[in-house]
Protein chains: 2
Amino acid sequence: MSETLSASRCTADDTARAPRAHGTRRTLFRHATGRANELAWGLTESGVPDVRLGRRDTLLRSGTRFEALYVIRAGSCKLVVTNPDGEEHIVAFCLPGEVIGLEALGSGVHATTAYALEALTCWRIAAERVDMLLRHNGAFARAVVDVLSLDVGRGLRALTMLGTMTAAQRLASFLLDLAERYQQLGFSGSAFELRMTRTEIGDHLGLSTETVSRTLSRLRTDGLVSVSGRSVRLRDRTALGQILLHGA
Amino acid sequence: MSETLSASRCTADDTARAPRAHGTRRTLFRHATGRANELAWGLTESGVPDVRLGRRDTLLRSGTRFEALYVIRAGSCKLVVTNPDGEEHIVAFCLPGEVIGLEALGSGVHATTAYALEALTCWRIAAERVDMLLRHNGAFARAVVDVLSLDVGRGLRALTMLGTMTAAQRLASFLLDLAERYQQLGFSGSAFELRMTRTEIGDHLGLSTETVSRTLSRLRTDGLVSVSGRSVRLRDRTALGQILLHGA
DNA sequence: CGTTCTTTTGACGATCATCAAGTCCCGTGG
DNA sequence: CCACGGGACTTGATGATCGTCAAAAGAACG
């Protein structure tokens, strides 16, 4: 695998590598996703990959009954919560290997809508199968509990910082998180394509489109990153980490 | 149960009533807690209530190995995440009936430190017992998964709003959430004692102490609440809901 | 090749953090 | 019982950050 990463190459690669569980990290927003490795279980027996979607297609819709879990094989998607006013907020971007739909296990109803950001391939684990495995397979149940528990922990860290972080901190957090996730997938952690627009990043981080753009420009003139459209190269990850910890 | 609620009465009452599961709510910060009713299971057999703490005592410490889950019988506590700089952020306030420590199931290490805000009594479910129940008791596993899943869903809604809410919205959210939780416990939802300082509220909501104070004053002069020290009375919950949805 | 979406940059104003000063509340010890 | 001290709370003034409005350049797509 080459060190540089073009959008097409990443998208074309359809194997979700089993990522290792990771320790405490200081970045945001891995929410409601979770990793597939512990769940490989439910998949090995289920056989064929299932769902194929195109850009802007809907994988599942908030408010609908829980019918299946999905594990991303290739592509990426965004998880959106719509509030009563109709405003949309992006609560997570999901990459290959991540599990979608776990948040619906408790209520039986999906809390988020998942839109494909590009061509998307997913495994599907039907609800009945999830139920059955949870009841009769202690190891599977434990795996699900672990994934959920890790998600809650990540959410705690996210909440910790969201109220108080500056725009630069949020972007540093966002970029470092993406870098680490790509790296765990076997791609370069220092150069990658963003799959989402500036507006979507802003929706995710609680910033306006303009602030996202301005802050990225500032990081670029400061020499911390190279940005050209959706292509990003992290030039000084240590400095980004410093921004994350100690502010702009 | 009288409609008014003094601090002493609430504290003295040592029965965690089984609260019903609730539907979608628009308020923040029920994170990493979860409700006891589904877990009554692990308790009925375990017998005696266990831990008793005083104000400022530590129930469990972030970074330590997971040794037990705790369910609050009486009193309240705060969950704190400490970042590498030593800054503390309060990620949740927990009331009777809520479960503490679930976020450590996955990693085996606690992500938060729990400090008692007042006299605190908890049930304790030892880790081995949790393990055993998860493995051999499908209903228990399912209950844990449900509680965690609901927590993740709440976390998603919290993340949705945290980045974009104004000070007034955050406080409205905070007060309405507390009101609903007290009501579910059988206390008044319109008049209650705050158990935490203004500074702690600010730490929780991502606001400065001064802004918390100023915003409460503004809500008071607008006739939405009565505030006198730690005593709060919500005079117009509908208007508070409007602030939460549509801003100041 | 034009239309539309995305991105960038500038100017201005609102919100909120910070600094500062003063008041209230509560526990402690005289 | 009262005086003292320290923390909690309130209120004001000022400045920084970031959202909004606006305009224009660039990229994608039919």
Side-chain angles (χ1 to χ4, degrees), chain A residues 6-8 11 54-56 78 87-90 115 117-119 161-174 193-222 225-232 243 246-248, chain B residues 6-8 54-56 78 87 89-90 117-118 161-174 193-222 225-232 243 246-248:
Chain A
S6 74
S8 58
T11 308
R55 172 168 171 72
R56 292 182 192 283
K78 61 177 177 182
E87 296 168 9
E88 292 199 337
H89 274 263
I90 299 172
Y115 296 106
L117 289 173
E118 58 188 324
M161 305 170 68
L162 244 192
T164 53
M165 288 199 310
T166 65
Q169 286 176 303
R170 295 183 201 205
L171 268 162
S173 164
F174 176 70
E193 284 301 300
L194 298 174
R195 301 295 200 290
M196 66 295 287
T197 68
R198 302 287 192 270
T199 302
E200 284 171 330
I201 295 174
D203 278 352
H204 182 43
L205 298 176
L207 301 171
S208 68
T209 305
E210 295 93 329
T211 299
V212 171
S213 181
R214 255 187 276 268
T215 307
L216 279 178
S217 297
R218 172 118 188 283
L219 292 177
R220 189 184 50 210
T221 61
D222 290 352
V225 302
S226 303
V227 188
S228 172
R230 304 271 177 102
S231 307
V232 172
I243 285 181
H246 303 294
Chain B
S6 73
S8 58
R55 173 165 171 74
R56 293 181 192 283
K78 60 177 178 182
E87 296 168 10
H89 274 264
I90 298 171
L117 289 173
E118 58 188 325
M161 306 169 68
L162 242 193
T164 53
M165 289 198 310
T166 66
Q169 285 175 303
R170 296 181 201 206
L171 267 162
S173 165
F174 176 71
E193 285 300 300
L194 298 173
R195 300 293 200 289
M196 66 294 287
T197 68
R198 302 288 193 269
T199 302
E200 284 171 331
I201 295 174
D203 278 352
H204 183 44
L205 298 176
L207 301 171
S208 67
T209 306
E210 296 93 329
T211 299
V212 171
S213 181
R214 255 188 276 269
T215 307
L216 279 178
S217 296
R218 173 117 188 283
L219 291 177
R220 188 184 50 210
T221 60
D222 289 353
V225 301
S226 303
V227 188
S228 173
R230 303 270 176 102
S231 308
V232 172
I243 286 182
H246 302 295

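Just so it is clear: chains get the letters A, B, ... in the order the sequence lines come, proteins before strands, and each one is counted from 1.
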Calculate, to the nearest 0.5 Å, the distance between atoms [atom1] and [atom2] belonging to [X] and [Y] respectively.
X        : Y        : atom1 : atom2 : result
B:Phe174 : B:Leu205 : CZ    : CG    : 6.0 Å
A:Leu171 : A:Leu207 : CG    : CG    : 6.5 Å
B:Thr166 : B:Ile243 : OG1   : CD1   : 8.0 Å
B:His246 : B:Gln169 : NE2   : CD    : 10.0 Å
A:Met165 : A:Ser173 : CE    : OG    : 5.0 Å
A:Thr164 : A:Arg170 : OG1   : CZ    : 8.0 Å

A:Glu118 with A:Arg55: basic N within carboxylate O range, under 4.0 Å:
no
Sorted by chain and number, sequence neighbours left out, side-chain contact (heavy atoms from CB on, under 4.5 Å) with B:Glu200 holds for B:Lys78, B:Ile90, B:Phe93, B:Leu117, B:Met196, B:Thr197
Checking B:Ser231 now: which residues fulfil side-chain contact (heavy atoms from CB on, under 4.5 Å) with it, not counting sequence neighbours?
B:Glu193
Show every donor-acceptor pair shorter than 3.5 Å between a side-chain atom in residues 210-219 of chain B and any protein atom, with sequence neighbours excluded, or say none if there are none.
from, atom 1, to, atom 2, distance (Å)
B:Thr211, OG1, B:Ser208, OG, 3.0
B:Thr215, OG1, B:Thr211, O, 2.6
B:Ser217, OG, B:Ser213, O, 3.0

Does the protein touch nucleotides 3-20 of chain C at the base, only the backbone, or not at all? Give it as B, S and - per nucleotide, heavy atoms under 4.0 Å.
---SSBBBB----SSBB-
Polar atoms only, N or O, under 3.5 Å: list the protein pairs with nucleotides 27-30 of chain D and their distances.
none

To the nearest 10 degrees, what angle separates the axes at the start and end of the helix from C:dC1-D:dG30 to C:dG30-D:dC1, five pairs each?
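The value is 40°.
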